[in-house]
Structure formats: C-alpha cells, structure tokens
Amino acid sequence: MARTRAVDACPGALQTHQAADGALARIRLPGGALSSAQLAALAAAAAEFGSATLELTARGNIQLRGLTDTAAVAEAVAAAGLLPSASHERVRNIVASPLSGRSGGHADVRPLLDDLDRALRADPGLVALPGRFWFGLDDGRGDVCGLAPDVAAHLLTPDRAALLLAGRDTGVRIEVGAVVATLLDVAARFLTVRGSAWRVAELDRPAVLVGDIVATEAAGRTWPASTRPPVGWIPQDDGRVTLGAAVPLGVLTARVAQCLVALETPVVVTPWRSLLLGDLSEAAADAAVRVLAPLGLVFDAQSRWLAVSSCVGSPGCAHARADVRADAAAALAAPATGHRHFVGCERACGSPAAGQVLVATGDGYRPLRP
C-alpha cells in the first residue's frame with residue numbers, strides 16, 4: 001500500500017528534521033563505513049552542537065540529535081568527506097554485508113559498494129528517489145537479503161548474482177560486472193511507476209521493475225530476517241581480528257566514540273545498530289575489549305541487550321507516548337523469548353523485520369502485529 005503523505009520528509013545532513021528535542025541530521029554512510037577520522041568529526045559535532053550522542057540507525061547510518069547549529073554540522077560533515085554530493089545526499093542509502101572482505105562471503109562486495117555509490121551520485125535523475133528507498137549488496141551470507149532492501153544483488157558465486165526486489169528473488173541472474181547498472185536501472189524504473197509509493201513493497205506489481213530481463217531461475221525465494229548483530233571476537237580471513245560491539249539501544253555517546261577513534265581502525269555501522277572494529281591485531285583487540293566493555297559496549301553474544309531495541313521515544317519525539325528507551329532497558333529484568341522492539345507510536349520507526357514490536361499506548365504496550 002502506497003503512503004498517503006506526498007512530501008518526503010526523510011532527513012539528511014542538509015535537510016534536517018525538527019524533532020521535539022531540536023534539529024536532527026541523518027548522515028548517510030554507504031555500507032556503514034567510517035574512518036576513525038570521520039568518526040572523530042561526528043563525535044566532535046555531536047558534542048559541540050548537539051546531544052553529545054550518535055544514534056546508529058537500521059540502515060547503518062548515524063543520526064545527530066538536538067542540534068543548535070545545523071549549518072555548522074553540515075560543514076563538519078562535508079569537511080570529513082561524508083557529504084560528497086549535496087544533491088544526492090539523502091539517496092545514498094546502500095547497505096552491504098558488514099563483514100564482507102574481512103570474514104566469509106563469496107566475495108568482497110566493497111568494490112561494488114564504491115562503484116554503486118559513485119554511479120548513483122553521477123545520475124541526476126536518481127536524485128528524485130525517496131529518502132527511504134535503499135539498495136542492498138549481499139556477499140552471499142544472506143544477512144542483507146533478510147532485511148528486504150528495495151533492490152539488491154545477492155552473490156551466488158564470486159561472479160554471479162541474483163536480483164532481488166523487496167527481499168524476494170526475482171529469478172533474474174546477472175554477472176557481477178552488471179550489478180551496478182542493473183540496480184540503478186531498477187531504481188530509475190521505480191521512479192517512472194511509483195505514483196505515491198516510497199518503497200518497492202508498496203507497489204501493486206513490483207515485478208514490472210525487472211523490465212525485459214528474462215528470469216532464468218524460479219522466483220520467490222526469501223531469506224530469514226536477523227535481529228542479532230555479529231558480536232564478539234571475529235577472526236578475519238587474513239588472520240587479523242574484527243571486534244563486533246553491540247551498542248545498547250543504538251545510542252553511542254560522543255565520549256565512547258572518541259575512545260574508538262583512538263584505535264585508529266576502520267569502523268562499520270551495521271544495520272543492527274552495532275559496530276564492527278576491523279583489521280585489529282589480537283593484542284589490540286584484547287586491549288580494546290578491556291577498555292571498551294566497562295564503557296558500555298557489549299562484546300558478549302549472550303547479552304540480553306541484543307534482544308531489545310527501540311525508537312527514540314519521549315522526550316525526543318513529539319509523537320511518542322512513553323520513554324521507550326527507559327522501558328526497553330527496564331524490560332531486560334523480565335524473562336522473554338525473541339527480540340522486542342519498543343516504539344512510542346504506531347509509526348513504529350526503525351522496527352526490525354522480525355521479532356515483536358511493542359507500541360506504547362500511554363498505559364503500557366500492545367503488540368503492533370498480531
């Protein structure tokens with residue numbers, strides 16, 4: 001079903017959203033990738049002009065809240081190299097398998113990620129894409145497929161990929177060298193048929209986006225959605241170590257972010273609101289855990305923090321009927337099975353595709369889905 005609101009108010013680094021607690025900027029990070037210098041710049045901007053926190057989003061992006069000088073924040077983002085296109089900044093929504101090129105997968109999709117981002121920014125027509133439309137690059141492990149991107153490539157071998165629409169296999173097979181062009185063609189076709197739809201799943205006939213490409217395999221396969229990030233000590237294929245760090249409720253303080261900067265290692269923000277700290281020696285990884293765990297980052301895959309998430313809730317959102325972050329934290333004390341996502345209203349922002357979504361009623365919570 002298409003959305004009734006005609007105006008796309010999805011925030012960016014330049015088009016901010018006026019929330020109850022001040023202006024909110026969303027910085028797109030294709031593939032969730034950040035250098036330590038870029039993380040330092042965002043932490044400094046959050047501390048000087050905002051709430052001194054960085055919110056990790058379900059698309060692997062970062063939000064800065066409570067901003068008092070949006071122009072200064074935009075300048076800081078641009079100076080850090082995180083705003084390569086002012087016109088396309090809200091459409092650079094690309095999620096890639098976070099561990100790709102470091103651990104597992106059929107092939108490293110990071111070169112594809114760079115090529116897709118570059119080609120997307122170079123296409124003037126695609127500036128019209130809704131801010132919620134997003135691309136997926138799955139290296140074969142199925143992690144991104146389960147998140148149901150609007151259009152995605154799922155590697156079947158290092159050289160061949162399946163084309164997916166809204167997380168469903170179309171039966172179309174493409175060579176890896178044609179992935180970028182194919183995904184952008186689908187996005188352009190979406191713009192011609194979308195009407196008031198913002199997402200592929202809202203179309204009556206998503207298959208029309210394939211155009212005249214012939215399907216050679218059976219269509220319809222889907223992948224299970226995961227709500228749990230890769231956490232803990234992850235051996236890389238090259239012998240080094242990636243640390244998976246869960247961030248409780250996706251809220252990273254500027255102070256802890258600055259501690260991460262001191263590692264001088266590449267950072268990946270995952271679509272499960274966690275962090276990957278890559279390319280560490282074993283000694284550096286061990287030291288990092290000893291320093292960062294007491295600061296609140298979670299390296300234990302059995303932690304109950306991995307089973308809860310939430311939207312911002314009150315007082316940050318005027319629509320919220322409860323302080324859902326506080327309620328989600330309090331819920332850790334009660335036994336539960338499965339993942340629980342607490343939201344302040346029926347819009348259910350940031351809800352995962354799996355697990356239970358609990359909506360605040362003003363007098364407790366009710367399930368969003370039967």
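None of the values given here were measured: they were computed from a predicted structure.
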Regarding [X] and [Y], does a basic nitrogen lie under 4.0 Å from an acidic carboxylate oxygen?
X    : Y    : value
E346 : R366 : yes
D185 : R189 : no
R102 : D237 : no

Within 6.0 Å of [atom1] in [X], more than 12 heavy atoms from elsewhere:
X    : atom1 : result
R205 : CZ    : no
R168 : CZ    : no
D238 : CG    : yes

Check: Q236/S103 side-chain N/O donor and acceptor closer than 3.5 Å |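 Result is no, nothing qualifies.
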Give a yes-or-no answer on whether the side chains of H341 and S309 include a donor-acceptor pair shorter than 3.5 Å.
->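 Result is yes, a qualifying pair exists.
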Does L24 sit in a hydrophobic cluster with other residues, and if so which ones, taking ILVMFWY side chains as linked at heavy-atom separations under 4.5 Å, directly or through other members?
->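 Grouped by the 4.5 Å side-chain rule, L24 forms a cluster of one, so the answer is none.
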Is L243 close to F299 at the side-chain level, that is, under 4.5 Å between some pair of heavy atoms?
->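 Sidechains of L243 and F299: in contact.
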Is S274 close to L56 at the side-chain level, that is, under 4.5 Å between some pair of heavy atoms?
->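 Result no, sub-4.5 Å side-chain heavy-atom pair not found.
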Verify, without hydrogens or angle tests, whether [X] (side chain) and [Y] (backbone) share a donor-acceptor contact under 3.5 angstrom.
X    : Y    : result
R304 : L332 : yes
D139 : S97  : no
R141 : H106 : no

Of the options T182, V186, L164, V200, which is the one that meets V151 in a side-chain contact (heavy atoms from CB on, under 4.5 Å)?
->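 Running side-chain contact (heavy atoms from CB on, under 4.5 Å) over T182, V186, L164, V200 with V151 returns exactly one hit, V186.
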How close do A76 and A45 get, heavy atom to heavy atom, and via which atoms?
->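 Looks like CB-CB, 4.4 Å.
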Nearest heavy-atom neighbours spanning Y365 and L358 =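 Here Y365 and L358 meet closest at CD2-O, 3.6 Å.
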Donor-acceptor list for residues 216-227 side chains, cut-off 3.5 Å, not counting sequence neighbours:
from: S226; atom 1: OG; to: R228; atom 2: N; distance (Å): 3.2
from: S226; atom 1: OG; to: R228; atom 2: O; distance (Å): 3.3

